Amino acid sequence: MNMFRFLGDMTHLFSVLVLLLKIHTIKSCAGISLKTQELYAIVFATRYLDLFTDYISLYNTVMKLVYLGSSLSIVWYMRRHKLVRRSYDKDQDTFRHHFLILPCLILALLINEKFTFMEVMWAFSLYLEAVAILPQLVLLQRTRNIDNLTGQYVFLLGAYRSFYILNWIYRYFTEVHYVHWITWISGLVQTLLYGDFFYYYFHSWKNNEKLQLPA
Amino acid sequence: FHSPQLKDEL
């Protein structure tokens with residue numbers, strides 16, 4: 001475990017806690033894309049299939065349970081909770097996320113580290129995670145006015161993968177034969193997708209004005 | 001691709 005990966009995991013954990021805090025305290029999910037949350041639940045479910053077969057460390061197991069639990073509870077809140085679900089603007093959150101799942105599955109069947117169920121699911125979860133933010137970014141473009149917590153949530157989510165990229169560079173130079181092209185390329189694509197959001201986020205932060213994304 | 005290493009990352 002190196003500092004970059006630890007910072008990445010903490011940033012990711014914090015992004016999820018910011019979102020849960022928002023939904024739990026103000027009982028609102030305005031500006032949050034349910035589709036992105038559902039995609040993340042699928043990402044964690046398919047990536048952590050080895051939860052009970054491979055024990056790596058207590059930290060690894062606990063974090064997996066936290067990610068699974070939080071993503072599923074966020075989806076539950078947005079679908080079932082009588083107050084929260086009312087604030088979900090489903091007519092704005094229209095990205096057809098099913099169109100993301102099939103290509104990722106096909107790609108995982110074609111490009112994987114080994115043609116086994118676990119490896120294909122693992123590759124699928126990486127490809128899906130790379131594009132899972134798209135419904136959320138589209139929703140932000142549509143709703144334009146981004147409240148602070150949502151902006152912070154998306155920013156932290158993008159920052160976590162940036163830390164992971166530093167972690168992969170570090171591990172490449174410090175560990176023998178540490179090569180994971182599938183992870184590296186997916187992680188890079190994922191971070192690039194946040195590019196313009198980061199640009200506008202920093203601008204609004206620098207000029208101390210409300211975050212506005214161009215239409 | 002090489003043999004799948006143990007997935008130690010989240």
Side-chain angles (χ1 to χ4, degrees), chain A residues 1-2 4-6 8-13 16 43-44 46-51 53-57 59-68 110-116 118-123 125-126 129 160-161 163-164 167-168 171 175-185 187, chain B:
Chain A
M1 168 67 82
N2 61 66
F4 300 116
R5 183 145 74 96
F6 183 69
D9 288 343
M10 290 306 108
T11 310
H12 192 195
L13 179 67
V16 165
V43 166
F44 293 134
T46 51
R47 185 165 317 167
Y48 300 152
L49 293 171
D50 64 349
L51 185 62
T53 55
D54 298 337
Y55 178 79
I56 290 149
S57 68
Y59 171 84
N60 190 273
T61 303
V62 167
M63 289 296 279
K64 284 176 178 175
L65 290 171
V66 167
Y67 287 157
L68 276 167
L110 296 175
I111 303 178
N112 49 63
E113 289 191 352
K114 194 173 174 198
F115 195 72
T116 65
M118 296 290 270
E119 286 299 326
V120 168
M121 283 293 104
W122 181 75
S125 80
L126 281 165
E129 186 186 1
Y160 121 78
R161 221 53 177 154
F163 278 124
Y164 255 78
N167 153 63
W168 293 323
R171 291 188 77 174
E175 295 175 27
V176 182
H177 305 313
Y178 182 79
V179 174
H180 269 310
W181 288 112
I182 292 176
T183 318
W184 296 347
I185 293 169
Chain B
F1 295 100
H2 61 282
S3 71
Q5 291 164 342
L6 196 62
K7 308 282 186 266
D8 64 348
E9 292 183 347
L10 289 170

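Here the structure is a predicted model, which means the values were calculated and not measured. Naming convention: chains lettered A, B, ... in sequence-line order (proteins, then strands); numbering from 1 in each chain.
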Interatomic spacing from NZ in K7(B) to CE in M118(A) - rounded to 0.5 Å |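 Between K7(B) NZ and M118(A) CE, I get 9.5 Å after rounding to 0.5 Å.
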
Nearest 0.5 Å please: distance from the CG atom of L10(B) over to the CZ atom of R5(A).
->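 The distance works out to 7.0 Å.
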
Do other residues, nucleotides or ligands put more than 12 heavy atoms under 6.0 Å from Y59(A) OH?
->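 Counting other residues, nucleotides and ligands, OH of Y59(A) exceeds 12 neighbours.
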
Mark yes when over 12 heavy atoms from residues, nucleotides or ligands other than F115(A) sit less than 6.0 Å from its CZ; otherwise mark no.
->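 Atom CZ in F115(A) is not crowded, with 12 or fewer foreign heavy atoms closer than 6.0 Å.
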
Please look at Y164(A) and chain B and tell me whether the side chain, the backbone, both or neither of the residue comes under 4.5 angstrom of a heavy atom of that chain.
->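 Just the side chain, heavy atoms under 4.5 Å.
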
Check each atom of N60(A) against the heavy atoms of chain B and say whether the ones under 4.5 Å are side chain, backbone, both or neither.
->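 Both backbone and side chain.
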
Do E9(B) and R47(A) meet the salt-bridge criterion of a basic N to acidic O distance under 4.0 Å?
->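 Answer for the salt bridge query: no.
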
